[in-house]
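All residue numbers in this chain count up from 1 along the given sequence. No hydrogens, no waters, no symmetry mates; every other heavy atom, side chains included, goes into these values.
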Amino acid sequence: MSWNAIASFGPKALHGLNLAAQDFASRRRPAPAGLAEASTHDLYLAPHCDDICFSLGAFALKRRKGVLLTLFSKSGYVARPQTIAALGDERIAVISSLRQREDLAFAEQAGLRPCFGGLDEALLRGHDPFETAKAQDDARQLDGAVIAAIFAAAAEQPKDRQPWLFCPMAIGGHIDHMVVLKVVLRHYNALRARWRIAFYEDLHYASAWQARATGLARFRHLAVELKPQRSLWPIGAAADKLALVALYPSQFVEPPASIKPFTPAQRIPAPAHEALWSAEQT
């Protein structure tokens, strides 16, 4: 097929072909050696309780080192709202405590030191969580609080090598994920002086092809100067990751029985996996 024929499909089709090609290349490309180096100083940034487990749970479990910082740890969402009788501020306190306990259980399983940023999630700030037009204003308003929480969670700088900071790519377009990404990109050079930086594909959002393609296109636009490459990290036994996911029962009407929502959507056959993107060379 000629290039002109391919181009006639339109930008979305071209982006889909490009993404499929990158996915294929990530299966053949060895993961950066430095990403295999786990440190007690690694920092996993979670917009909400559950985001690291769902997106990088198997990766974190294998490494068993680092700090889990959940930034928007004040929450009013559970999948079965009728199970929480409290109302008003008491309801928010009850749900926040419940979700933080779930995060603590995951952190214990994965060998991570938990920290909570104490910020209100989008719903509590009066926003539809997927009203992406609000993300830029929120990122400006929350910039100081987010970056202060990141540095407050940092342990003493190790002398042998830089640890890693793992940041969401905001696939799915949730405002809180976009705030974290925008703040990290705004302070990239300051953060890069302390950490090597990698970006993770947010799950469950990345398990839907169109949401993943749209989210990756947005990420590339925001991080155009970085030119990161994708690395694929096989999950291994699906039951092991599903056991981690099951530590968050408040987020499901029924416990998930399939690994499909917790692995990125592909146009080519691929093992169940998690994914990181990084411009780091080591």
Task: Side-chain (Tyr44) to main-chain (Thr70) donor-acceptor, under 3.5 angstrom - done: no

Task: Residue Lys62 excluded, over 12 heavy atoms near NZ under 6.0 Å - done: yes

Open item on the list: Quick check: closest heavy atoms across Pro47 and Val180, and the distance to 0.1 Å?
Closed with: CG-CG2, 4.2 Å

- [ ] For the residue pair Trp164 and Phe166, categorise the inter-ring angle as parallel (less than 30°), tilted (30 to 60°) or perpendicular (more than 60°).
- [x] parallel

Open item on the list: Test of understanding: clusters of I, L, V, M, F, W, Y form through side-chain heavy atoms closer than 4.5 Å, transitively. Do Leu71 and Ile171 belong to the same one?
Closed with: yes

Task: Heavy atoms from other residues, nucleotides or ligands near NZ of Lys182 exceed 12 (cutoff 6.0 Å) - done: yes

Open item on the list: Hydrophobic clustering (ILVMFWY, side-chain heavy atoms < 4.5 Å, transitive) - are Val78 and Leu124 grouped together?
Closed with: no

Open item on the list: Quick check for you: to the nearest 0.5 Å, what is the distance between Leu98 atom CG and Ile84 atom CD1?
Closed with: 5.5 Å

Task: Test item: Asp42 side-chain N/O and Pro163 main-chain N/O as donor-acceptor pair under 3.5 Å - done: no

Task: Enclosure of Gln136 CD (heavy-atom neighbours >12, cutoff 6.0 Å) - done: yes

- [ ] Assert yes or no for the condition that the ring centre distance of Phe151 to Trp195 is strictly below 6.0 Å.
- [x] yes

Task: Separation between OG of Ser250 and CD1 of Ile95, rounded to the nearest 0.5 Å - done: 8.5 Å

Task: Polar side chain donor-acceptor pair, Thr214 to Gln210, under 3.5 angstrom - done: yes

Open item on the list: Taking the ring of Phe130 and the ring of His174, is the distance between their centroids below 6.0 Å?
Closed with: yes

- [ ] Run the numbers on His48 and Tyr77 for ring pair (Phe, Tyr, Trp, His ring centres under 6.0 Å), then give the verdict.
- [x] CA-CA 11 Å; His48 310 106; Tyr77 175 79; 9.6 Å; no

TODO: Using the rule that two of Ile, Leu, Val, Met, Phe, Trp, Tyr join whenever any of their side-chain heavy atoms come within less than 4.5 Å, decide whether Tyr188 and Leu165 are in one cluster.
DONE: yes

Task: Any donor-acceptor N/O pair, Ser55 side chain to Ile52 backbone, under 3.5 Å - done: no

- [ ] Determine, using ring centers only, whether Trp233 and Phe59 are less than 6.0 Å apart.
- [x] yes

Task: Step-by-step side chain to side chain contact (heavy atoms under 4.5 Å, CB included) determination, Tyr248 to Phe106 - done: CA-CA 8 Å; Tyr248 294 86; Phe106 166 70; 3.2 Å; yes

Task: Full working for side chain to side chain contact (heavy atoms under 4.5 Å, CB included) between Gln251 and His204 - done: CA-CA 12 Å; Gln251 300 306 292; His204 62 90; over 6 Å; no

Open item on the list: Taking Gln162's backbone N and O only, do any of them form a donor-acceptor pair with Arg196's side chain (distance below 3.5 Å, no angle check)?
Closed with: yes

